[in-house]
Amino acid sequence: MSKTMPAVVFHGEGRWSVEKAPQPVLESPDDVLLEVDRAGICGTDLHILETPPGHPATPGAILGHEYVATVAEIGSNVANLAPGDRVVIDPNLTCGNCSACRQGRTNGCENMTTLGIFRNGGLAKLNVAPAKALHKISSEVAPEKAALAEPLSCVLHAFEKAPILPGESIAILGGGPIGLLFLLLFRNAGASAVYVVEPGATRREMARKCGADAVFDPGAADLKAAIGASSGKGVDLVVDAVGRCFADAIGLVRPGGRILLFGMDQTSAPVTSPYEITRREITVIGSFIQRTSFPKVVRILEAGRLPVEKLITHQLPLAEFGKAIELLGQGQGVKILLEP
Ligand SMILES: [Zn+2]
Ligand SMILES: [Zn+2]
């Protein structure tokens, strides 16, 4: 009989449990056995657990796609890692052979699969991942900071697609972990003003602590006046970190400015009139996960450049996954990490 370990297993249609799952073993010479140090819960996990689900996942899979781990054992082909190394994980596994991969657009891979969504992930004591998914990081980086590598890699990819110059102004729509990572990055890049628009009072307060110049409720009467949009101006860049705010973004951006679409919501309503975009020459940029950001994220975290730990509101044992989901559902947590 195989040994067991505690794990958060998805069972389809809003069902999950913390249960004893078989301990994984190396199956391919390219595999690495990982001992998970911390795993974060993300908005995608909440979407997976909704009924009907807002995001697909494979029933029977162990959840958790944002995690940091220590190498326990390596397959015979693995040359660049050794037991004891600390690694962060790029959970999106790409094929390298499809036309998107061959164009260098690996985030558009036609055969992509994801650890923690379609294959077993990091909400468990142990996990097996291919060596190509792993990026070594100094063990001097606290595991709770390193646990933010995956969401930060997606934010950095988006930043590279819609960079800012020192002195520019930005409005971020959505003050969850992603919105706040954008805020930290824009602050670091010399933004003159960063505004955060967020309905939750706890998250607005968090945004203020992370360096927002002003925070607003989406319905606030003073929002447009405060950022100059009511007088036909507005901010240089608007980030939709929610996935439902394209129309709002058009109302806040200056003529000739940029809108970055980052959040994803399959149910968001289409924006019907392109007139404003054409007439005011707005540039719209979409960004999806990442391609080459992980090595840069590792350097940012190792250099201690971004105070990403400010986002962490709770660290709980793995068994309290249900409590974590509840806290996030009530808008009480921002980034919650679990310790297996
Ligand atoms: Zn995620
Ligand atoms: Zn591919």
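Order of listing sets the numbers, starting from 1, for every ligand and every atom in it. Remember, predicted model here, so these are calculated numbers, not experimental data.
Each protein N/O/S atom under 2.8 Å from the Zn ion (ligand 2) was counted, for a total of 4.
Judged by distance alone, the side chains of His157 and Glu160 never bring a donor and an acceptor atom under 3.5 Å apart. Inspection of the Asn92 and Gln290 side chains reveals no N or O donor paired with an N or O acceptor under 3.5 Å. Side-chain atoms of Ser99 and Glu110 form a donor-acceptor pair, as typed in the model, at a separation below 3.5 Å.
For the pair Arg254 and Asp236, the salt-bridge criterion is met [side-chain N within less than 4.0 Å of a carboxylate O].
Around the Zn ion (ligand 1), the protein N, O or S atoms closer than 2.8 Å are Cys42 SG, His65 NE2, listed by chain and residue number.
Within the 4.5 Å cutoff, side-chain heavy atoms of Ser287 are placed close to those of Leu260.
In this structure Asp31 satisfies the salt bridge (Lys or Arg N to Asp or Glu O under 4.0 Å) test with no other residue, sequence neighbours excluded.
The 12-atom threshold is not exceeded at CD of Glu27, counting heavy atoms of other residues, nucleotides or ligands nearer than 6.0 Å.
Annotation for Leu46: hydrophobic cluster partners, listed by chain and number, are Val8, Phe10, Trp16, Val18, Ile41, Ile48, Leu49, Leu63, Ile117, Phe118, Leu123, Leu316, Leu318, Phe321, Ile325, Leu327, Leu328, Ile336, Leu338 (ILVMFWY side-chain heavy atoms under 4.5 Å, direct or chained).
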Salt bridge (charged side-chain N to carboxylate O under 4.0 Å, His left out) for Asp217 and Arg204? Distances and angles first, verdict last. CA-CA 8 Å; Asp217 189 87; Arg204 280 201 301 275; 3.1 Å; yes
